[in-house]
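Right, one structure below, let's go through it.
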Amino acid sequence: MRNLGVSERETAYLDRALIEYSAASYYFEQAGHLRYCARVENNIGFLLFKLGKFAEAHAHLERARRLFHSLRDAGSLAQVDETRARALLAQGRNSDAERILRGVIRTLERGDEKYLLAEALATQGAALARLGRKEQARSAFMKALSAAEEIGDAERAANAALALIEELSESLSAEELREFYERADDLLRPAPSEIHERLRRCARRIIATSRESLRSFAESAFVCASPQTKALLAYAQLIAPTGSAVLILGETGTGKDVLARLIHQWSGRTGRFVAVNCANLSETLFESQVFGHRRGSFTDAVNDYVGAAGEATGGTLFLDEIGELSLSAQAKLLRLIEHGEICPLGAGVPERIDLRVVAATNRDLEKLVEEGRFRVDLFYRLATFQLFIPPLRERPEDVRALASHFIQEAEQRYGKRLNWTEECFGEIGRLPLRGNARELRALIERTYISSANGATIRPEAVAVVGLRRTQRAGFDDAWRSCSLEEELHHYEAELIKRALDHSGGRVTQAARLLGISHQRLSFILGTRHKGLLAGTPCERRRRSIIGAKSVRHTARAPRNATAISATRENSSFMTDDTETAAQSVR
């Protein structure tokens, strides 16, 4: 009755459904079947919410909530709360909805009901978008999309993509809008009716006619003025049609993603541009997400999934942060590049695939090859065409061009006009800009947000921003929220980090570089900069040695385990000579 009422828009069916639901709730309660009673109450609340009867809906949902709470059924309780959040969202109570959804998502992430998690994440994305928290909203929608695709639920995945377009269309570029639409369109095939199929064909025809405008839009995205950057773009355009793998190197924020999209645009390939961030994927997740999986290949794999490589058929697969891949994943990627073959999880035989691989990283791959953490054959296969984007501080002409571009964008976005003098641009060109174009954009946007319309930006403020290490500084008032202690703390951490990197994590050598004693540097690292030594090769060796000692001593004299633990905690750092001696003894 409910489904008929919704599909045919007949209130008589919906009224009948409410009567039957109410009777079912009464008889389940009389029979003592509280779980079924709670589920029916949740259905009544959901139906009343759809009818716009919010007060009655909340009353039934609260009853369902109390019943599930008494049964200690956390998963069903989270489902009721998700329905409550939808009702609150429909009433415009976005903050209340988002607060409830945070608890719902925490509960569902501990369970295995991925389809409920996907719905809750999509609802949270809508709440965050309406609260103006665009980046968090996008993250929630993308998580919902991934969760639904992971279990092969095409309809929920498509709903998440469409909700992202509906809620965030103003903050998406034309290319992103096209990509999300096509992703939802592919997930929803086959069309449920002839009219829907016609609508889809028309939408794709509109997209096809706008590809040329998208091409010019993408080309204008890489703003530059220096001869070296123009030469780099000319070379990228020259190699784009070849179809060979391309490796893009450069610091964070230099525009590697933008250049990869340009190469795809210039290549003339008719397929999609599909980006994968390798840093966010574990080894098994990388294989599933990139190469796809077959139904039944693992728990929750209820449908076949083509993977990012399959989605990029005929187009470009962009692998960002490729230096973070494990050696096993690198071997599988090498087979894709060399032979054009992938083997989805659960598939018996490899499959042929036509795509172009573009990879990017901000790490030194040659150094990783020397350390045995990156396959030499994969490196040379990727480096057939190698493009290096210099940091922004090495191309001052581009700093001026980018600053002007970001200022124009900010003026349109925030409806303000600030006075920028020529001296200001000169000072901006002298900034260190460790975050490159991304940092420059953030500085300019922060200035427009915090400045009054018509304010004058002074060169002295820009110079002070260049000296500061914290991220709160803006050109409008460089001294705002300034703390000398905090600035010195950041500067000290940066120097110590550079010294540790140069010495391979050896505290004694780093102390010599810094002109201080080993004891003093050990004290600093053990108090106000505890995280700097973690992850260095020397620290990993130290932990391995101490762990081995701990195991041996524990096996010989269990009663002294406490003393051994205390000794380990008291010896925070080892000198280089101590490490060598420990290895010799072992």
Side-chain angles (χ1 to χ4, degrees), residues 1-94 96-108 111-127 144 147-148 151 153-160 162-163 192 302:
M1 287 295 175
R2 187 187 67 182
N3 292 341
L4 280 171
V6 171
S7 62
E8 299 186 13
R9 299 184 181 182
E10 282 287 344
T11 55
Y13 288 135
L14 296 176
D15 291 339
R16 180 67 181 277
L18 283 171
I19 293 171
E20 301 293 352
Y21 271 140
S22 300
S25 176
Y26 171 79
Y27 286 116
F28 277 134
E29 186 176 16
Q30 292 299 308
H33 296 307
L34 297 185
R35 188 179 304 278
Y36 294 129
C37 180
R39 288 176 181 170
V40 173
E41 287 293 316
N42 183 48
N43 285 337
I44 294 173
F46 183 76
L47 182 54
L48 289 168
F49 147 59
K50 286 292 187 182
L51 291 171
K53 299 178 181 180
F54 298 114
E56 297 175 60
H58 283 300
H60 285 277
L61 290 171
E62 186 59 36
R63 182 160 187 252
R65 196 176 190 281
R66 286 197 304 269
L67 289 169
F68 280 129
H69 187 269
S70 68
L71 294 167
R72 298 185 178 182
D73 188 341
S76 297
L77 188 61
Q79 187 175 8
V80 174
D81 281 341
E82 197 272 338
T83 307
R84 289 174 60 217
R86 288 198 205 183
L88 291 169
L89 207 58
Q91 290 176 270
R93 297 167 60 184
N94 305 323
D96 291 337
E98 198 277 327
R99 176 179 53 79
I100 290 173
L101 285 162
R102 268 180 276 155
V104 171
I105 291 168
R106 280 196 299 270
T107 300
L108 293 174
D112 58 355
E113 295 180 338
K114 294 292 181 67
Y115 73 97
L116 288 178
L117 177 61
E119 287 186 349
L121 285 165
T123 308
Q124 186 189 43
I151 60 174
D153 194 330
E155 185 175 346
R156 280 189 173 85
N159 282 335
L162 292 174
V302 295

Taking only residues two or more places apart in sequence, or in another chain, which ones meet Arg35 in a salt bridge (charged side-chain N to carboxylate O under 4.0 Å, His left out)?
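With neighbours one apart ignored, the set is Asp73.
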
Report the C-alpha separation of Leu77 and Thr107 in whole Å, then their side-chain angles, then the decisive distance to 0.1 Å, and conclude whether the side chain to side chain contact (heavy atoms under 4.5 Å, CB included) test is met.
CA-CA 9 Å; Leu77 188 61; Thr107 300; over 6 Å; no

Rounded to the nearest 0.5 Å, what's the gap from [atom1] on [X] to [atom2] on [Y]? Could you check?
{"X": "Asp81", "Y": "Arg99", "atom1": "CG", "atom2": "CZ", "value": "9.5 Å"}
{"X": "Thr83", "Y": "Leu88", "atom1": "OG1", "atom2": "CG", "value": "11.0 Å"}
{"X": "Asn42", "Y": "Gln79", "atom1": "CG", "atom2": "CD", "value": "5.5 Å"}
{"X": "Leu67", "Y": "Glu29", "atom1": "CG", "atom2": "CD", "value": "7.5 Å"}
{"X": "Thr123", "Y": "Ile100", "atom1": "OG1", "atom2": "CD1", "value": "11.5 Å"}
{"X": "Arg63", "Y": "Ile44", "atom1": "CZ", "atom2": "CD1", "value": "8.5 Å"}

Atom CZ of Phe28: over 12 foreign heavy atoms under 6.0 Å:
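Yes, enclosed.
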
Give a yes or no on whether Glu62 atom CD has more than 12 heavy-atom contacts from other residues, nucleotides or ligands under 6.0 Å away.
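Enclosed: over 12 neighbouring heavy atoms sit under 6.0 Å from CD of Glu62.
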
For Tyr21, enumerate each residue passing the ring-ring contact (aromatic ring centres under 6.0 Å, His included) test, keeping only those at least two apart in sequence or located in another chain.
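ring-ring contact (aromatic ring centres under 6.0 Å, His included) list for Tyr21, sorted by chain: empty.
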
Do you know the tightest heavy-atom contact between [X] and [Y]?
{"X": "Ala64", "Y": "Ala38", "answer": "CB-O, 3.4 Å"}
{"X": "Ala57", "Y": "Gly45", "answer": "CB-O, 3.4 Å"}
{"X": "Ala118", "Y": "Ala144", "answer": "O-CB, 3.4 Å"}
{"X": "Leu101", "Y": "Glu82", "answer": "CD2-CG, 4.2 Å"}
{"X": "Ala126", "Y": "Leu89", "answer": "CB-CD2, 3.8 Å"}

Is there side-chain contact between [X] and [Y], with at least one heavy-atom pair below 4.5 Å?
{"X": "Arg102", "Y": "Gln124", "answer": "yes"}
{"X": "Arg86", "Y": "Glu119", "answer": "yes"}
{"X": "Asn43", "Y": "His60", "answer": "no"}

